[in-house]
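Comments concern the structure below.
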Amino acid sequence: MVARMPSSRWISASLLVLLLSLHPAVHAFYLPGTFMHTYSPGEAISAKVNSLTSIETELPFSYYSLPYCKPPEGVKKSAENLGEILMGDQIDNSPYRFRVNVNESVYLCTTDPLTKEQAELLKKRARNLYQVNMILDNLPVMRFTEQNGVTIQWTGFPVGYNPTGSNEDYIINHLKFKVLVHQYQAQGDVVVTSEDGVAMVESDRKSGFQIVGFEVVPCSVRRDPEAMSKLKMYDKVDSVNCPLELEKSQAIHENDRITFTYEVEYVKSNIKWPSRWDAYLKMDGAKVHWFSIMNSMMVVFFLAGIVFVIFLRTVRRDLTRYEEMDKEAQAQMNEELSGWKLVVGDVFREPCCSKLLCVMVADGIQITGMAVVTIVFAALGFLSPASRGMLLTGMIILYLFLGIIAGYVGVRVWRTIKGTSEGWKSVAWLTSCFFPGIVFIILTVLNSILWGKKSTGALPISLFFTLLALWFCISVPLTLIGGLLGTRAASIDYPVRTNQIPREIPERKFPSWLLVLGAGTLPFGTLFIELFFILSSIWLGRFYYVFGFLFIVLFLLVIVCGEVSLVLTYMHLCVEDWKWWWKAFFASGSVAFYVFLYSINYLVFDLRSLSGPVSATLYLGYSLIMALAIMLSTGAIGFLLSFYFVHYLFSSVKID
């Protein structure tokens with residue numbers, strides 16, 4: 001018996017889980033974000049194929065863009081979520097059929113003679129290291145290779161290969177699959193949620209086999225096309241060993257007919273179904289992550305010491321001495337003031353481009369909120385890698401709904417600077433359009449390149465209109481609502497009056513922006529190690545799932561950004577530089593400059609296989625979006641903490 005409930009009715013689902021847990025004869029457990037399937041012996045399962053991908057070009061292409069065998073029922077696309085489409089996934093059905101616990105060697109098809117265009121395309125895909133990404137029961141296929149005595153794990157298998165010292169290209173046309181299965185014994189009712197977010201309760205679950213591993217050994221085998229073409233799809237063929245001699249491998253030549261076969265071996269495993277993704281998610285280098293955290297903590301404590309000295313030894317000492325003086329002594333001291341006390345009449349003077357500052361701070365808070373919530377949910381296991389594209393989908397949805405906070409922050413800062421709510425609508429409107437607008441322009445340029453290359457990574461026109469609809473129907477109204485709430489919030493009054501005539505800022509030997517730019521090295525030092533793993537995950541096709549480490553690094557980054565911005569703001573005030581607003585923002589926001597430089601360094605030294613100006617343009621375009629988001633996020637954190645520091649500092653001073 002299976003009961004299905006819409007995912008929106010969480011209260012009903014919760015009550016159902018509670019009732020099941022109170023029943024004495026029931027053993028229940030909860031598996032977030034996926035659905036456990038138990039198969040009977042001999043039950044047929046069809047594998048699916050995703051887009052062909054390459055670490056050399058970063059241009060995904062459809063699996064059936066190459067002359068592969070097609071399923072008898074025709075090619076059918078699987079339903080995809082927003083994140084999958086944005087990542088360039090295109091999941092189709094395939095002719096590869098698996099019968100549970102049945103070891104077999106099977107014939108698929110023999111192609112028609114390859115045309116010149118097909119042969120050239122196969123050679124090009126093989127030389128560009130394109131991988132076939134196959135999926136069985138939602139598990140990506142995995143293969144292992146030996147390099148210098150070290151076993152390396154990969155997802156997918158190559159389209160073909162070009163041996164060293166040979167001018168020929170060879171196609172992978174025989175696959176030796178190993179399917180790991182766990183024998184499951186029914187133990188009562190199970191409460192699960194499927195990957196489309198539907199809660200399900202299964203009673204009297206049948207015993208059977210669960211797929212817990214999917215491995216492949218790819219081979220190139222030359223067969224007689226005339227003899228093989230007489231067979232029908234799924235007819236039995238003899239099992240073969242992968243040939244080591246190139247003469248027995250299938251070269252790619254025009255007018256050749258290629259035969260595709262595969263064999264399946266089932267192996268019983270002690271791996272339980274909830275742990276089947278562990279083989280994909282385990283990441284080496286835990287010590288490196290801990291080193292990154294310890295390095296970040298050293299920076300935090302170093303800056304905390306400086307902040308401690310500023311607050312307790314300098315600021316508090318000056319304030320205490322000033323408050324203990326009588327009025328005559330205070331008047332005399334006012335004439336002899338030096339340092340930050342001299343800019344008391346200018347410190348809250350409106351900065352240039354104040355509206356842009358409000359918009360950038362608001363967008364930065366929106367991005368920060370999105371990042372924090374996403375990482376927390378991922379660290380808790382709610383954004384499972386089994387649900388492809390859910391991480392990116394969740395980030396987009398969070399960003400849309402956090403527009404209400406962005407509108408509130410932007411208008412609140414605007415009211416504080418201007419002293420009035422006049423013009424808040426334009427601030428809220430610009431807040432909703434600034435960062436998304438820049439991203440939209442960059443993605444449009446990159447998408448036009450992908451369209452020109454006929455890549456599956458190109459976004460369809462319909463998705464563009466969908467994103468625009470989400471933007472204008474959710475983000476923009478929520479941002480305006482947040483702005484309206486900001487106009488009704490209590491105003492933040494300045495503790496001191498601003499002089500009518502601006503004070504002249506003393507000249508310095510070196511421009512202050514050099515110090516601001518150099519300050520970004522400290523926040524960058526807290527995240528550059530983790531940044532390497534993130535870039536490797538994005539561009540080298542590796543799984544990244546150490547979100548616990550990432551959350552700690554993010555927490556330390558927030559602290560470092562606040563401390564750096566606070567220290568530099570105090571240093572500028574001490575040299576009578578009252579134009580601290582933008583400098584406070586970029587003191588921490590300048591970390592984005594180093595992130596972008598590191599991305600270029602990663603392209604040159606770690607992505608040396610990336611070939612062609614198109615691939616480099618795509619990489620730099622996406623890196624620019626990442627750097628912009630980091631600048632807005634870190635800059636907003638540094639600015640707000642600096643503002644509250646300056647407000648606290650001058651609210652303690654009584655100078656007319």
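Keep in mind that what you see is a predicted model, and the values were worked out from it rather than measured.
Between Y184 and H182, the ring centre distance reaches or exceeds 6.0 Å. A centroid separation of 6.0 Å or more is found between the aromatic rings of F585 and F639. Between F177 and F98, the gap from one ring centroid to the other is short of 6.0 Å. The aromatic ring centres of F144 and W154 sit 6.0 Å or more apart.
Side-chain contact of T57 with S615: a donor-acceptor pair under 3.5 Å is absent, judged by distance alone. A side-chain donor from one of T368 and S633 sits under 3.5 Å from a side-chain acceptor of the other. Residues S51 and Q90 bring no donor and acceptor atom of their side chains to less than 3.5 Å of each other. A donor-acceptor pair shorter than 3.5 Å cannot be found between the side chains of N93 and S78. Y408 and T479 share no side-chain donor-acceptor pair at under 3.5 Å. Judged by distance alone, the side chains of D137 and Y39 do bring a donor and an acceptor atom under 3.5 Å apart.
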**Asked** Does the side chain to side chain contact (heavy atoms under 4.5 Å, CB included) test come out yes or no for Y96 and L175, once each step is laid out?
**Response** CA-CA 10 Å; Y96 289 91; L175 302 172; 3.6 Å; yes
**Item:** Step-by-step side chain to side chain contact (heavy atoms under 4.5 Å, CB included) determination, S62 to D92
**Value:** CA-CA 9 Å; S62 170; D92 303 314; 4.2 Å; yes
**Message:** Using the rule given for ring-ring contact (aromatic ring centres under 6.0 Å, His included), can you reason through F440 versus F464, listing the C-alpha separation, both sets of side-chain angles and the distance that settles it, and then say yes or no?
**Reply:** CA-CA 9 Å; F440 186 80; F464 263 90; 5.5 Å; yes
**Message:** Run the side chain to side chain contact (heavy atoms under 4.5 Å, CB included) test on I135 and F214 for me, step by step, so that the C-alpha distance in whole Å, both residues' side-chain angles and the decisive distance to 0.1 Å come before the verdict.
**Reply:** CA-CA 8 Å; I135 305 164; F214 187 33; over 6 Å; no
**Full working for side chain to side chain donor-acceptor pair (under 3.5 Å) between Y602 and S623** = CA-CA 11 Å; Y602 187 84; S623 298; over 6 Å; no
**Message:** For V267 and V181: C-alpha separation, side-chain torsions, deciding distance, then whether side chain to side chain contact (heavy atoms under 4.5 Å, CB included) applies.
**Reply:** CA-CA 6 Å; V267 178; V181 291; over 6 Å; no
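Across every non-hydrogen atom of G369 and L402, the tightest pair is C-CD1, 3.5 Å. The minimum heavy-atom distance between P523 and V564, with the atom names listed, is CD-CG2, 4.2 Å. Closest non-hydrogen pair, T634 versus M631, comes out as OG1-O, 3.5 Å.
Contact check for L603 versus L620: side-chain heavy atoms found under the 4.5 Å cut-off. Residues V264 and V179 are in side-chain contact: their nearest non-hydrogen atoms beyond the backbone lie under 4.5 Å apart. P436 places a side-chain heavy atom less than 4.5 Å from the side chain of Y399. L550 has its side chain within reach of I534: a pair of non-hydrogen atoms, C-beta onward, lies under 4.5 Å apart. The side-chain heavy atoms of M626 and S599, taken from C-beta on, include a pair separated by under 4.5 Å. Counting heavy atoms from C-beta on, the side chains of L527 and V595 come closer than 4.5 Å. With contacts defined as side-chain heavy-atom distances shorter than 4.5 Å, the pair W539/E58 qualifies. You'll find the side chain of I367 reaches within 4.5 Å of the side chain of M370, heavy atoms only.
For the ring pair (Phe, Tyr, Trp, His ring centres under 6.0 Å) with Y130, the lone residue among F61, F157, Y63 that qualifies is F61.
By the 6.0 Å contact criterion, OH on Y598 is enclosed, its count of non-hydrogen atoms from other residues, nucleotides or ligands being greater than 12.
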